[in-house]
Undergrad: 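I am attaching a structure below and will ask some questions about it afterwards.
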Amino acid sequence: MTAMQLGLIGLGKMGGNMRERIRRAGHTVIGYDRNPDVSDVKSLEELVEKLDAPRVVWVMVPAGNATQSVVDELKDLLSEGDTVVDGGNSRWTDDEKHAAELGIKGIGFVDAGVSGGVWGLQNGYALMVGGDKAHVERLHPIFEALKPEGPYGYVHAGRVGAGHFSKMVHNGIEYAMMQAYAEGWELLEKVKSVDNVREVFRSWQEGTVIRSWLLDLAVNALDDDEHLDKLKGFAQDSGEGRWTVEAAIDNAVPLPAITASLFARFASRQDDSPQMKMIAALRNQFGGHAVESK
């Protein structure tokens with residue numbers, strides 16, 4: 001194995017664990033974060049100074065303005081032959097923009113969709129990568145360090161943007177799978193005949209066609225809080241579900257399950273749903289169905 005040197009910007013829940021996993025594989029990682037308690041250096045300038053040319057800098061910061069700001073700084077700090085990897089959850093159209101901006105100075109750009117969450121340090125990270133073949137191949141030792149053991153977990157998905165596009169679709173599928181488990185759980189909890197819903201979920205973990213890591217995590221959650229009484233029925237979305245639906249519209253690809261799961265999250269944020277007010281009013285008008293007043 002060829003030991004590599006890597007700069008890593010953003011040492012949060014994922015970035016910090018990625019730094020540790022890469023180091024365990026024998027590579028050198030110099031990390032920078034705005035939080036001085038976890039940072040190895042005091043600035044981006046110092047990080048770049050400590051790296052030997054040609055440099056590789058991996059960015060793990062929030063999508064949008066934060067990533068754009070880091071790319072802008074690196075464009076001025078790095079040199080021809082260096083490579084920037086965006087491992088955050090950037091939109092694929094931003095990748096094309098960043099590759100063009102860095103390419104003016106001869107700096108390579110690779111986008112890496114990373115899945116694994118807080119379990120990645122232990123289990124490894126699934127990596128979906130986009131970029132020119134030469135830039136991607138240079139990073140193989142780092143990808144091998146991050147991916148799970150075995151033949152799976154890494155793919156060079158295509159040109160710049162392909163990595164984040166693939167990760168976006170992955171997250172869209174994740175939305176729909178979680179929604180299906182959630183709907184099934186609610187129905188099981190609702191009926192009187194089933195009095196051990198948690199163990200029903202546990203029974204699905206082996207031998208069934210719906211077994212998955214998400215199911216395992218659902219059982220973990222139910223072990224912590226059997227009826228999820230401690231939680232409020234409110235779910236955020238990271239933005240990738242929205243982008244998936246937008247891409248489906250742009251490409252005329254029907255995604256009814258993924259789209260419905262995204263809209264279900266929006267519904268979760270309404271304590272007193274305006275739509276349900278109208279539905280209740282209409283049911284009262286045409287059928288005399290009872291309405292509840294505040």
Side-chain angles (χ1 to χ4, degrees), residues 13-14 62-63 88-92 113-120 123 125-126 128 153 163-280:
K13 282 185 265 188
M14 282 189 70
N89 280 335
S90 293
R91 190 180 174 114
W92 81 97
V114 183
S115 180
V118 296
W119 297 81
N123 298 336
Y125 300 88
M128 295 140 270
H164 281 146
F165 194 93
S166 299
K167 176 59 165 39
M168 176 194 75
V169 173
H170 163 283
N171 282 22
I173 293 170
E174 176 188 299
Y175 274 49
M177 290 175 67
M178 287 195 288
Q179 184 65 25
Y181 285 128
E183 290 174 8
W185 174 79
E186 182 178 353
L187 182 57
L188 286 165
E189 285 277 345
K190 190 77 172 180
V191 301
K192 293 180 180 179
S193 58
V194 182
D195 57 15
N196 205 346
V197 175
R198 177 177 62 188
E199 296 311 310
V200 170
F201 261 59
R202 198 187 311 278
S203 76
W204 294 343
Q205 288 183 275
E206 295 292 341
T208 71
V209 296
I210 63 167
R211 64 190 185 274
S212 73
W213 189 44
L214 281 174
L215 178 62
D216 296 341
L217 295 177
V219 172
N220 287 352
L222 296 173
D223 280 339
D224 292 338
D225 182 6
E226 183 173 358
H227 302 289
L228 303 184
D229 294 326
K230 300 173 187 175
L231 299 179
K232 185 178 179 182
F234 178 100
Q236 278 288 6
D237 67 288
S238 64
E240 298 215 10
R242 301 182 190 210
W243 299 343
T244 306
V245 172
E246 289 169 6
I249 293 168
D250 291 342
N251 291 279
V253 175
L255 299 187
I258 291 173
T259 303
S261 67
L262 174 65
F263 288 171
R265 296 203 187 184
F266 296 163
S268 80
R269 298 167 204 174
Q270 299 175 333
D271 292 330
D272 189 16
S273 169
Q275 294 177 27
M276 291 305 109
K277 291 180 185 179
M278 176 57 75
I279 288 171

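A quick note: this is a predicted structure, and the numbers were derived from the prediction, not measured.
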Undergrad: Please examine the side chains of D271 and K232, heavy atoms only from C-beta on, and report whether any two atoms are closer than 4.5 Å.
TA: yes
Undergrad: Ignoring hydrogens, what is the shortest heavy-atom contact between G113 and K167? Give both atom names and the distance.
TA: CA-CB, 3.7 Å
Undergrad: Heavy atoms only: give me the nearest S115-M128 pair and the separation to one decimal.
TA: CB-CE, 4.2 Å
Undergrad: Taking salt bridge (Lys or Arg N to Asp or Glu O under 4.0 Å) as the cut-off, I'd like each qualifying pair that reaches into residues 246-267, sequence neighbours left out, listed once.
TA: R91-E246
Undergrad: Enter the distance from W185:CH2 to L228:CG here, rounded to the nearest 0.5 Å.
TA: 4.0 Å
Undergrad: Quick one: salt bridge (Lys or Arg N to Asp or Glu O under 4.0 Å) partners of D216, sequence neighbours excluded?
TA: none
Undergrad: For W213 and G116, work out which heavy atoms get closest and say how close.
TA: CH2-O, 4.1 Å
Undergrad: So, using side chain to side chain contact (heavy atoms under 4.5 Å, CB included) as the criterion, who are the partners of A176 when residues are at least two apart?
TA: A257, I258, S261
Undergrad: My understanding is that only residues two or more places apart in sequence, or in another chain, count here; which of them pass side chain to side chain contact (heavy atoms under 4.5 Å, CB included) with I249?
TA: V245
Undergrad: Could you work out, with ring-ring contact (aromatic ring centres under 6.0 Å, His included) as the rule, every residue matching Y181, not counting sequence neighbours?
TA: none
Undergrad: Would you please name every residue forming a salt bridge (Lys or Arg N to Asp or Glu O under 4.0 Å) with R202, sequence neighbours left out?
TA: E199, D223
Undergrad: Work out which heavy atom in P256 is nearest to a heavy atom in P254; give both atom names and the distance.
TA: CD-C, 3.4 Å
Undergrad: Treating N171 as the side-chain partner and E240 as the backbone partner, does any N or O pair qualify as donor plus acceptor under 3.5 Å?
TA: no
Undergrad: Distance check, rounded to the nearest 0.5 Å: F165 atom CZ versus H170 atom NE2?
TA: 14.5 Å
Undergrad: Which pair of heavy atoms, one from K230 and one from D225, lies closest together, and at what distance?
TA: N-OD2, 2.8 Å
Undergrad: Please report the interatomic distance CG(L215) to CG(N220), rounded to the nearest 0.5 Å.
TA: 10.0 Å
Undergrad: Mind checking what makes side-chain hydrogen bond (donor to acceptor under 3.5 Å, both in side chains) contact with S268, not counting sequence neighbours?
TA: none
Undergrad: Determine whether more than 12 heavy atoms belonging to other residues, nucleotides or ligands lie under 6.0 Å from atom CD of Q236.
TA: yes
Undergrad: Could you tell me which residues satisfy side chain to side chain contact (heavy atoms under 4.5 Å, CB included) with A63, sequence neighbours excluded, listed by chain and number?
TA: S90, W243
Undergrad: For E183, give me all partners under salt bridge (Lys or Arg N to Asp or Glu O under 4.0 Å), at least two apart in sequence or on another chain.
TA: none
Undergrad: Under the rule for side chain to side chain contact (heavy atoms under 4.5 Å, CB included), what residues qualify as partners of F266, not counting sequence neighbours?
TA: D237, R242, L262, F263, R269
Undergrad: Sequence neighbours left out, cut at 3.5 Å: what donor-acceptor pairs do the side chains of residues 186-198 make with other protein atoms?
TA:
unit_1: E189; atom_1: OE1; unit_2: H227; atom_2: ND1; d: 3.2
unit_1: E189; atom_1: OE2; unit_2: H227; atom_2: ND1; d: 3.1

